[in-house]
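Below is one structure, written out as structure tokens; comments come after it.
Just so it is clear, the model here is predicted, and its values are computed rather than measured. Remember, it's 1-based here, ligands and their atoms both numbered in the order they're listed. For this chain, numbers begin at 1 and follow the sequence in order.
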Amino acid sequence: VKNLCLLSPDQIELGKMLVEMGQSHLFQQWTDPGVEDDKKKAFFAQVSFSFSIAIEFYSCEAKFKLSWGLASYIKNARELLAGSKVGKSPYDGFTPSVPTGEILSFGDENFIKYEEAGVKEAQNAAFVLVAGGLGERLGYNGIKVDRVIGMDNMVALLAEATTRTCFLQLYIEAILALQEGSCRLTQGTFQKDIPFVIMTSDDTHTRTLEVLESNSYFGMKPTQVKLLKQEKVACLDDNDARLALDPHNKYQIQTKPHGHGDVHCLLYSSGLLKVWLDAGLRWVLFFQDTNGLLFKAIPASLGVSATKQYQVNSLAVQRKAKEAMGGITRLTHSDGRSMVINVEYNQLDPLLRAAGHPDGDADCETGYSPFPGNINQLILELGPYIEELTKTGGAIKEFVNPKYKDASKTSFRSSTRLECMMQDYPKTLPPTARVGFTVMDKWLAYAPVKNNPEDASKVPKGNPYHSATSGEMAIYRANSLILVKAGVQVEGPVQQVFNGQEVEVWPHITWKPKWGLTFSEIKSKVRQSCSVSQRSTMVLKGRDIFLEDLSLDGALIINSIDGAEVKVGGSIQNKGWLLERIDYKDTSSPEELRIRGFKINKLEQLEQTYGEPGKFILKPQC
Ligand code: UGB
């Protein structure tokens with residue numbers, strides 16, 4: 001009350017509302033008028049801004065008054081916290097069953113058919129990367145999706161150290177390869193630019209933009225890329241949803257990211273969906289920031305969406321029971337409601353037991369769980385997506401996940417907040433919606449980088465490390481297995497330990513997406529009998545490179561422009577590039593290498609560059 005003289009009528013109104021909602025603790029430490037007045041004004045500016053996000057997020061009736069955004073958020077929080085305290089499951093009353101979908105096997109006829117359909121369809125798709133997370137679990141100073149060279153000399157996360165390609169570069173090059181391939185396969189004369197949206201946050205926005213601009217968008221037109229920044233939401237200190245103050249500033253409310261589910265309301269309010277629909281697009285693909293294998297799975301998955309006319313297609317992999325991965329589950333309620341949704345692994349087992357499955361989350365006769373494993377890459381059909389968001393404004397059912405101090409669940413170890421997940425979008429769909437999934441081989445589709453070396457080294461044996469080490473080795477393994485399927489003799493892996501993680505080390509084979517996005521393309525570029533030894537490195541940085549009767553035991557690097565057709569063969573042997581172990585605690589090594597536990601010792605290689613159009617043969621006899 002002492003400070004009322006300072007405040008504008010709106011701010012007084014806001015202050016009264018906060019007090020009425022049990023938030024008077026926010027003002028308890030306020031000083032007398034005239035002291036820190038600017039900070040008090042900043043408090044109201046932050047509160048009204050932060051809750052204007054709540055208005056954006058909540059259903060449309062809240063749009064008229066800021067208070068309704070504030071009230072909705074706090075009301076929702078109290079309900080969810082009350083449920084969480086008594087361990088209420090969001091699936092109470094639902095019966096789980098196995099949904100229908102497509103299970104693909106890499107390289108067979110069915111897979112090739114879907115890949116072809118997917119590449120043709122790619123020009124009717126928009127790609128959305130959710131990249132607002134800072135990756136606390138990763139404990140990495142760089143940003144996850146981009147290479148920040150120069151600015152405080154920080155290099156973000158690399159997908160692999162052989163070519164030092166970062167995730168953002170890998171994704172953009174893959175989208176451009178899809179764009180070109182789609183035009184070629186549909187004999188298109190006019191090549192559509194595939195739209196690419198990146199959801200960022202306060203933590204990642206500036207540097208993501210910095211990196212795109214300082215790398216000329218990795219070859220993509222700047223007009224093709226849009227950054228949408230998600231805002232943070234207020235933190236909550238206790239079960240009564242008291243707003244938490246910033247521990248370092250009593251005039252600021254603490255905020256944290258609201259989760260990747262924000263992507264839907266951001267897209268909806270951006271107006272981009274209507275622009276895409278008018279441009280004839282049909283699909284929106286959502287994907288995460290650190291899965292170096294993803295674009296090996298995208299063409300076939302998009303082909304499934306187009307062929308089966310799925311409104312929602314969740315990319316999935318075979319899942320072992322109890323694996324720390326959500327399961328795609330059909331849920332049917334006694335009142336007739338039903339949905340196909342990702343059920344997080346810690347909720348799947350109790351849900352199945354409550355439904356009368358005595359073994360809960362258990363493998364079936366296939367040796368895998370009957371519920372496909374969610375890898376959180378989604379393909380939504382644009383038309384029905386717009387219809388649904390017009391109803392909901394893009395608001396996704398929220399959840400709360402407080403870290404309680406003890407079993408009494410009366411206080412938190414640290415403040416919590418409401419969150420939402422992009423894969424919860426189908427929760428509001430009618431039962432008639434065509435919701436399916438596409439299961440891909442895990443070795444082909446999924447190797448996210450989420451854990452720092454310390455945590456990864458403690459992962460129980462047999463469980464995935466999800467580290468920079470395992471993510472890079474997964475790329476070499478996938479590329480080796482793809483070449484094996486194409487008829488190349490690739491020497492099997494050796495087991496090695498880096499940063500306390502025992503991994504399979506295959507030949508370091510990597511190629512630009514334009515060399516081969518689909519298995520058919522790759523098969524057409526591998527002729528006669530080729531072989532690659534386990535210690536080899538092969539880097540193909542061009543589109544028209546053909547391997548013919550090649551025997552590689554060492555390092556081979558080919559750089560070629562489009563239009564330069566290069567046939568590579570013969571016996572190539574040299575000292576090659578070897579992995580030299582470094583420990584993640586050794587701060588004398590650069591962070592982007594320490595995090596994977598090795599650096600590459602380039603002893604010797606055969607490197608050829610073809611910068612002119614024409615036909616070339618590289619066939620050394622040594
Ligand atoms: N992200 C944002 O863009 N904004 C945010 O506020 C938070 C995250 P995490 P998570 O792949 O195994 C997901 O933190 O959310 C981005 C699925 O929910 O890496 O713990 C962030 O940048 C889970 O079902 O993963 O778990 C990143 O790109 C399972 O599939 C992405 O969202 C799990 O991933 C995921 O954020 C998994």
For ligand 1, note which part of Met325 has a heavy atom under 4.0 Å away: side chain, backbone, both or neither.
-> neither

Anything under 30° is parallel, anything over 60° is perpendicular, the rest tilted; go ahead and classify Phe167 against Tyr171.
-> tilted

Honestly, for Val263 the part within reach of ligand 1 (heavy atoms, under 4.0 Å) is neither

Output the list of atoms in ligand 1 that are nearer than 4.0 Å to some heavy atom of Asn374, sorted by atom number.
-> 24 (O), 30 (O)

Take every heavy atom of Ser201, measure it against each atom of ligand 1, and state whether any distance is under 4.0 Å.
-> no

Answer with yes or no whether Pro448 contacts ligand 1, where contact means a heavy atom under 4.0 Å from a ligand atom.
-> no

Would you confirm whether the ring centroid of Phe127 sits within less than 6.0 angstrom of the ring centroid of Phe295?
-> yes

Numbered atoms and elements of ligand 1 in range of Pro257, under 4.0 angstrom, heavy atoms = 6 (O)

Contact (N/O only, under 3.5 Å) between Gly259 and ligand 1 | yes

So, Lys391 and Glu388, do they make that salt bridge, N to O below 4.0 Å?
-> yes

Give a yes-or-no answer on whether the side chains of Glu398 and Asn76 include a donor-acceptor pair shorter than 3.5 Å.
-> yes

May I ask you to check whether His466 has an N/O atom sitting below 3.5 Å from an N/O atom of ligand 1?
-> no

Between Asp203 and Lys232, does at least one N-O distance fall below 4.0 Å, as a salt bridge requires?
-> yes

Ring-face cation contact, Tyr368 with Lys320, 6.0 Å cut, 45° max | yes

Establish, from distance only, whether the side-chain atoms of Thr392 and Tyr268 form a donor-acceptor pair under 3.5 Å.
-> no

Hey, which atoms in ligand 1 end up nearer than 4.0 Å to a heavy atom of Asp289?
-> 21 (C), 22 (O), 27 (C), 28 (O)

Would you mind telling me if ligand 1 is within reach of the side chain of Gln230, the backbone, both or neither, using heavy atoms under 4.0 Å?
-> side chain

Using distance alone, decide if ligand 1 has a nitrogen or oxygen within less than 3.5 Å of any nitrogen or oxygen in Ile375.
-> no

With a 4.0 Å cut-off on heavy atoms, is Tyr446 touching ligand 1?
-> yes

Side chain, backbone, both or neither: the part of Glu419 lying under 4.0 Å from ligand 1 by heavy atom | neither

Between Met421 and ligand 1, which part of the residue brings a heavy atom under 4.0 Å of the ligand: side chain, backbone, both or neither?
-> side chain

Below 4.0 Å from any atom of ligand 1, is there a heavy atom belonging to Glu344?
-> yes

Is it true that a side-chain atom of Gln230 and a backbone atom of Gly259 form a donor plus acceptor pair closer than 3.5 Å?
-> yes

When the ring centroid of Phe111 is compared with that of Phe106, is the distance short of 6.0 Å?
-> yes

